[in-house]
> 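Below you will find the structure I want to go over with you.
Note that the structure is a prediction, hence the values are computed from the model and not measured. Proteins get letters first, then strands, A, B, ... in listed order; numbering begins at 1 in each. Below, each value reflects all heavy atoms present in this structure, side chains not excepted, and no hydrogens, waters or symmetry copies.
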Amino acid sequence: MENTKGSLDTLVALSKRRGFIFQSSEVYGGFAGFWDYGPLGCELKRNIKDLWWKSTVRLREDVEGLDASIIMHPAIWKASGHLDTFSDPMSMCRSCKKLIRADQIWDIFEDGDIKPALEAVLGDAGKIANWCKGRGRSLAVNLFAIAQAETQLPKIFDRLAACKDAKELYTLLASPDPDALVLACPHCGGEMTEPRPFNLMFKTVVGPIEDPANAAYLRPETAQAIFAQFNNVLSTSRQAVPFGIAQTGKSFRNEVTPRNYTFRSREFEQMELEFFIKPDEAVELLCGKVTTLTDNPDISGDPQPDWGWEVWHKYWVEQRKAWIIQAGLPQSSFVEYWQKADELAHYARACVDIQYAFPFGVQELEGIAARSDFDLTQHQKHSGKSMEFFDEPLKLAVKNLSDEQRDAFRAKTVIAWQAAGKDEAAANAFIDKLFEGRYIPHVIEPSAGVDRMALALMCEAYEEEKLTDEKGKEDIRTVLHFSPAIAPIKVAVFPLVKNRPELYEKAREIFKGLRSRWFTFWDESGAIGRRYRRMDEAGTPFCVTVDFQTLEDGTVTLRDRDTMQQERISLADLKAKLETAIG
RNA sequence: GCGAGCGUAGUUCAAUGGUAGAACUCCAGCCUUCCAAGCUGGUCACACGGGUUCGAUUCCCGUCGCUCGCUCCA
């Protein structure tokens with residue numbers, strides 16, 4: 001049997017044909033970056049989320065759930081850094097790769113005579129109109145926006161975007177110095193890319209008044225809500241660090257290029273866990289040592305109090321890999337990529353990407369980041385509210401130390417912090433707090449995409465099987481090998497033929513009995529083989545067929561999707577059998 | 001965001017300056033005692049908006065969408 005995985009195109013076609021995923025707003029021509037999940041797709045997504053929630057929250061004593069609002073106080077995005085970095089036009093230096101806010105470059109230009117000169121030229125609407133004639137629309141829009149000279153000047157970005165064109169315009173109008181309009185990096189003098197609007201967040205207005213002061217954003221990640229509600233969850237849940245807060249929900253990013261089917265969508269769903277841990281210094285004071293990866297600790301069992309952040313991070317990487325395998329991606333189908341030091345975000349100590357081999361390339365499915373205390377520190381700074389955790393055992397442990405031991409600890413810690421580039425005062429402030437039993441927890445963040453997981457599971461499950469029957473006739477069977485836990489339809493019930501009332505009635509009775517427990521599908525039309533194949537394309541693991549023997553001895557045939565084998569099983573045993581297989 | 005190509009039923013393909021055919025799918029009926037293939041009938045398409053024209057699915061322009069390459073991806 002020679003089987004193939006099929007291309008992304010064949011998967012997309014099946015996905016539409018069977019009702020997994022539709023293009024958003026299709027009747028109006030579609031809407032790039034947005035997708036709708038049909039009857040089977042929404043079951044699939046629901047099953048993925050349920051499986052995640054069960055393993056992350058329900059089965060763990062140390063994780064609590066949260067379901068926060070999508071639109072939150074804009075100050076959250078100020079604190080998190082999203083607003084500063086990604087809502088302004090940015091320009092990147094081609095040499096030193098530094099990202100610089102476009103208005104900062106503009107400020108540099110203000111030193112010279114570029115700005116007034118440019119504005120003078122651009123202000124001549126008649127010249128611009130002539131020049132724009134026959135040129136690209138976006139260019140004309142940009143230049144006219146500037147030329148219109150409304151009471152408010154157009155946004156700085158619009159002006160800067162026109163710089164390249166303005167240079168040409170300068171030349172055309174015999175400007176004294178067109179070269180002056182080349183954007184130069186203020187750090188190294190290198191060439192800057194054209195400014196781009198990094199407004200990755202969707203902006204909206206809260207309240208009926210259309211005023212910039214009422215601007216708010218759709219969340220670009222679910223994580224920040226968890227940090228913002230850290231204190232509330234902590235104080236109402238009887239948890240203590242280490243513990244986690246989990247959330248699933250929609251997030252929104254104004255992606256520049258939504259491509260590869262649902263992989264990079266502008267609206268997507270995340271499953272995020274923020275797991276709060278003690279800083280290593282606190283672990284050391286409590287346990288007298290910090291277990292690191294070089295100690296080769298056993299991370300397959302319950303977490304241990306002496307684990308440092310490295311071990312916690314590795315622990316969650318392994319937890320997440322186990323879950324992904326459970327969901328139906330074999331170990332061989334994904335890779336664990338440890339980001340190099342220069343790839344890490346400035347606040348991250350380590351980050352592992354779980355990458356799946358999609359048909360369009362090996363791409364990130366989930367990230368597990370060690371984010372230090374960056375997020376809670378930011379929110380403490382911006383909100384003015386303490387994000388510290390009071391660790392009573394820590395306070396007691398410190399109390400039991402001698403003055404010499406405390407001094408030695410302080411000296412050692414200050415040196416370590418200085419080696420990490422932080423100043424002595426910060427180290428001492430941290431140690432003072434620590435000695436009182438207070439610290440800002442660090443965090444390990446496993447962050448997974450529901451849509452990416454659904455797509456990966458569909459890609460992995462998809463197979464075109466070449467079958468040859470006993471007469472030697474070849475046939476291709478398209479089948480989705482979903483694991484029973486995530487399969488949208490768990491079981492289908494068929495009457496072997498539909499024009500025998502007694503058979504039909506018996507099958508309906510069995511169908512209704514199963515439906516109360518699992519998502520069960522009923523199909524009575526066409527040849528039995530055709531019905532089996534329909535269910536293969538939907539990924540339904542089991543089909544129950546009611547035939548004449550059922551009426552005599554109370555047995556049915558149970559057909560397995562993957563092996564296509566059938567077994568006769570008594571109705572009395574059917575539910576127990578399915579319970580074992582599906583769960 | 002830039003450049004190139006593409007856009008006809010759910011899918012794969014036709015034809016055409018005079019409003020479109022097929023196969024498979026799907027639906028209904030018949031037949032049918034277990035793996036899509038029998039019979040009969042049926043539903044369903046020119047992405048959207050302008051322009052040229054007596055008339056546009058066809059030619060032109062724009063928008064939207066898709067694919068590829070660049071760019072981007074906190």
> Should A/R477 be listed as having a side-chain N or O under 4.0 Å from OP1 or OP2 of B/C35?
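Result: no.
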> Applying a 4.0 Å non-hydrogen cut-off, can you work out what A/D475 is touching in the nucleic acid: base, sugar-phosphate, or nothing?
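Answer is base: heavy atoms of A/D475 come under 4.0 Å of a base.
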> Using atom CD of A/E567 as one end and atom C1' of B/C35 as the other, report the distance to the nearest whole Å.
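Answer to the nearest Å: 17 Å.
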> Say we look at B/C70 and B/U12: how far apart would their P atoms be, to the nearest angstrom?
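Comparing P positions in B/C70 and B/U12 gives a spacing of 26 Å.
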> Would you kindly compare A/T557 and A/Y261 by the position of their nearest RNA chain B nucleotide and give the one closer to the 5′ end?
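Between the two, 5'-proximity favours A/T557.
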> So, the side chain of A/D375 versus the backbone of A/F227: is there a donor-acceptor pair under 3.5 Å, distance only?
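No.
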> Counting only side-chain N and O atoms of A/R530, is one of them less than 4.0 Å from OP1 or OP2 of B/A36?
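No, A/R530 has no side-chain N/O under 4.0 Å of OP1/OP2 on B/A36.
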> State whether the number of non-hydrogen atoms from other residues, nucleotides or ligands found under 6.0 Å of A/F22 atom CZ is greater than 12.
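It does: A/F22 CZ has more than 12 such atoms within range.
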> For residues A/T555 and A/R568, is any side-chain donor paired with an opposing acceptor at under 3.5 Å?
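Short answer, yes.
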> How about A/F494 and A/Y532: are their ring centres within less than 6.0 Å of each other?
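Ring centres of A/Y532 and A/F494 closer than 6.0 Å.
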> Could you give the CG-to-P distance, from A/D553 to B/U33, as a whole number of Å?
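So the CG-P distance, A/D553 to B/U33, works out to 18 Å.
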> Atom OH of A/Y532 and atom P of B/U32: how far apart are they, to the nearest Å?
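Checked: the OH to P distance equals 19 Å.
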> Using a cut-off of strictly less than 4.0 Å between a heavy atom of the residue and any atom of RNA chain B, enumerate the qualifying residues of residues 497-504 of chain A by number.
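Residues of residues 497-504 of chain A under 4.0 Å from RNA chain B: A/V497, A/K498, A/N499.
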> Got a sec? Which of residues 20-29 of chain A come in under 4.0 Å of RNA chain B, heavy atoms?
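Going residue by residue through residues 20-29 of chain A, the ones with a heavy atom under 4.0 Å of RNA chain B turn out to be A/Q23, A/G29.
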> Rounded to the Å, how far apart are A/Q565 CD and B/C34 P?
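Atom-to-atom, A/Q565 to B/C34, this comes out as 16 Å.
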> Which nucleotide, in any strand shown, forms a Watson-Crick or G-U wobble pair with B/A45, with both distances under 3.5 Å?
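WC or wobble partner does not exist here.
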> Within the structure shown, what part of the strands sits under 4.0 Å from A/R534 by heavy-atom distance: base, sugar-phosphate, or nothing?
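A/R534: backbone/sugar contact only, no base atoms under 4.0 Å.
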> Could you work out the separation of B/C64 and B/U25 based on their P atoms and round it to a whole Å?
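It works out to 38 Å between them.
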> Of A/E464, A/E537, A/E463, A/E465, which is the lone residue that meets salt bridge (Lys or Arg N to Asp or Glu O under 4.0 Å) with A/R477?
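Checked A/E464, A/E537, A/E463, A/E465 against A/R477; only one passes salt bridge (Lys or Arg N to Asp or Glu O under 4.0 Å): A/E465.
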> Taking only the side-chain heavy atoms of A/R264 (C-beta and beyond), determine which of B/C34, B/C73, B/C35 contains the nearest atom.
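Selected nucleotide (nearest to the side chain): B/C73.
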> Look through every strand shown and name the nucleotide pairing with B/A22 as Watson-Crick or G-U wobble, where both distances are under 3.5 Å.
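The answer is B/U12, by the H-bond criterion.
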> Is it true that A/F20 and A/Y37 have ring centroids separated by less than 6.0 Å?
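Not under 6.0 Å, so no.
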> If you go through the side-chain atoms of A/R559, does one of them form a donor-acceptor pair with the base of B/C35 closer than 3.5 Å?
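Per atom types, the contact qualifies.
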> With a 3.5 Å limit on both atom pairs, tell me what B/C2 is paired to, counting Watson-Crick and G-U wobble, or say none.
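Matched B/C2 with B/G69 under the 3.5 Å cut-off.
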> Report the base-pairing partner of B/C30 (Watson-Crick or G-U wobble, both distances below 3.5 angstrom), or none.
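In the structure as shown, B/C30 has B/G38 as its Watson-Crick or wobble partner.
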> Quick one: on RNA chain B, does A/F31 or A/R568 contact a more 5' nucleotide (nearest heavy atom)?
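Between the two, 5'-proximity favours A/R568.
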> Could you tell me how far B/U71 sits from B/G10 if I compare only their P atoms? Round to whole Å.
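After rounding to an integer number of Å, I get 37 Å for this pair.
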> I'd like the C1' distance from B/C44 over to B/C54, given in whole Å.
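Taking atom C1' in both B/C54 and B/C44, they lie 31 Å apart.
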> Got a list of side-chain donor-acceptor pairs under 3.5 Å for residues 505-515 of chain A, not counting sequence neighbours?
none

> What does A/Q363 touch in the nucleic acid at a heavy-atom separation under 4.0 angstrom: a base, only the sugar-phosphate, or nothing?
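Touches nothing.
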> What is the nucleic acid contact for A/A13, judged by heavy atoms within less than 4.0 Å: base, sugar-phosphate only, or nothing?
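No contact.
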> Using ring centroids (six-membered ring only for Trp), state whether A/F275 and A/W316 fall under 6.0 Å.
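Between A/F275 and A/W316, which both carry aromatic rings, the centre distance is below 6.0 Å.
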> When rounded to the nearest Å, what value does the distance between P atoms of B/A20 and B/C24 take?
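It comes out at 22 Å once rounded to the nearest Å.
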> Using Watson-Crick or G-U wobble geometry with both distances under 3.5 Å, which nucleotide pairs with B/G55?
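With both distances under 3.5 Å required, B/G55 matches none.
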> In this structure, how many angstroms lie between the P atom of B/U67 and the CG atom of A/D9, rounded?
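Between P of B/U67 and CG of A/D9: 8 Å.
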> With rounding to the closest Å, how many angstrom separate the C1' atoms on B/U19 and B/G62?
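Comparing C1' positions in B/U19 and B/G62 gives a spacing of 23 Å.
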> Hey, is the side chain of A/R17 poking within less than 4.0 Å of OP1 or OP2 on B/C24, counting only N and O atoms?
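No, outside the criterion.
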> Let's test your reading of the model: under 3.5 Å, does the base of B/G10 pair with the side chain of A/R18 as donor and acceptor?
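It does not, because no donor-acceptor pair links the side chain of A/R18 to the base of B/G10 below 3.5 Å.
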> Considering only atom P, compute the distance from B/G18 to B/U58 and round it to an integer number of Å.
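It comes out at 11 Å once rounded to the nearest Å.
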> What is the base-pairing partner of B/G7, counting Watson-Crick and G-U wobble geometry with both distances under 3.5 Å?
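The answer is B/C64, by the H-bond criterion.
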> Using a cut-off of strictly less than 4.0 Å, decide whether A/R259 has a side-chain nitrogen or oxygen near OP1 or OP2 of B/G69.
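A/R259 to B/G69 OP1/OP2: no side-chain N or O under 4.0 Å.
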> Mind checking the C1' distance from B/G65 to B/U16? Whole angstroms is fine.
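Each nucleotide's C1' atom is 25 Å from the other's.
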> Report the base-pairing partner of B/G17 (Watson-Crick or G-U wobble, both distances below 3.5 angstrom), or none.
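Per the H-bond distance test, none.
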> What is the distance, rounded to the nearest whole Å, between atom NZ of A/K16 and atom P of B/C26?
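Atom-to-atom, A/K16 to B/C26, this comes out as 16 Å.
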> Please list, chain by chain and in numerical order, all residues satisfying side chain to side chain contact (heavy atoms under 4.5 Å, CB included) with A/Y356, sequence neighbours excluded.
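Only A/L329, A/S333, A/F358, A/L365, A/A456, A/C459, A/E460 meet the side chain to side chain contact (heavy atoms under 4.5 Å, CB included) criterion with A/Y356.
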> Please report the distance, rounded to the nearest Å, between CZ in A/F548 and C1' in B/C34.
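For the pair A/F548 CZ and B/C34 C1', the rounded distance is 12 Å.
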> Grab the CZ-P distance between A/R531 and B/U33 for me, whole Å please.
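Whole-Å distance recorded here is 12 Å.
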> According to side chain to side chain donor-acceptor pair (under 3.5 Å), who are the partners of A/D36, at least two apart in sequence or on a separate chain?
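A/D36: no side chain to side chain donor-acceptor pair (under 3.5 Å) contacts found.
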> Before you tell me yes or no, could you show the steps for A/Y462 and A/T10 under side chain to side chain contact (heavy atoms under 4.5 Å, CB included), namely the whole-Å CA-CA distance, both residues' side-chain angles and the distance that decides it to 0.1 Å?
CA-CA 9 Å; A/Y462 186 91; A/T10 56; 3.6 Å; yes
> For this output row, return yes or no: ring centroids of A/H313 and A/W338 closer than 6.0 angstrom.
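Distance test on ring centres: under 6.0 Å, yes.
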> If the condition is side chain to side chain contact (heavy atoms under 4.5 Å, CB included), which residues does A/E524 pass it with, not counting sequence neighbours?
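Side chain to side chain contact (heavy atoms under 4.5 Å, CB included) check on A/E524 returns A/P495, A/K498, A/Y504, A/W522.
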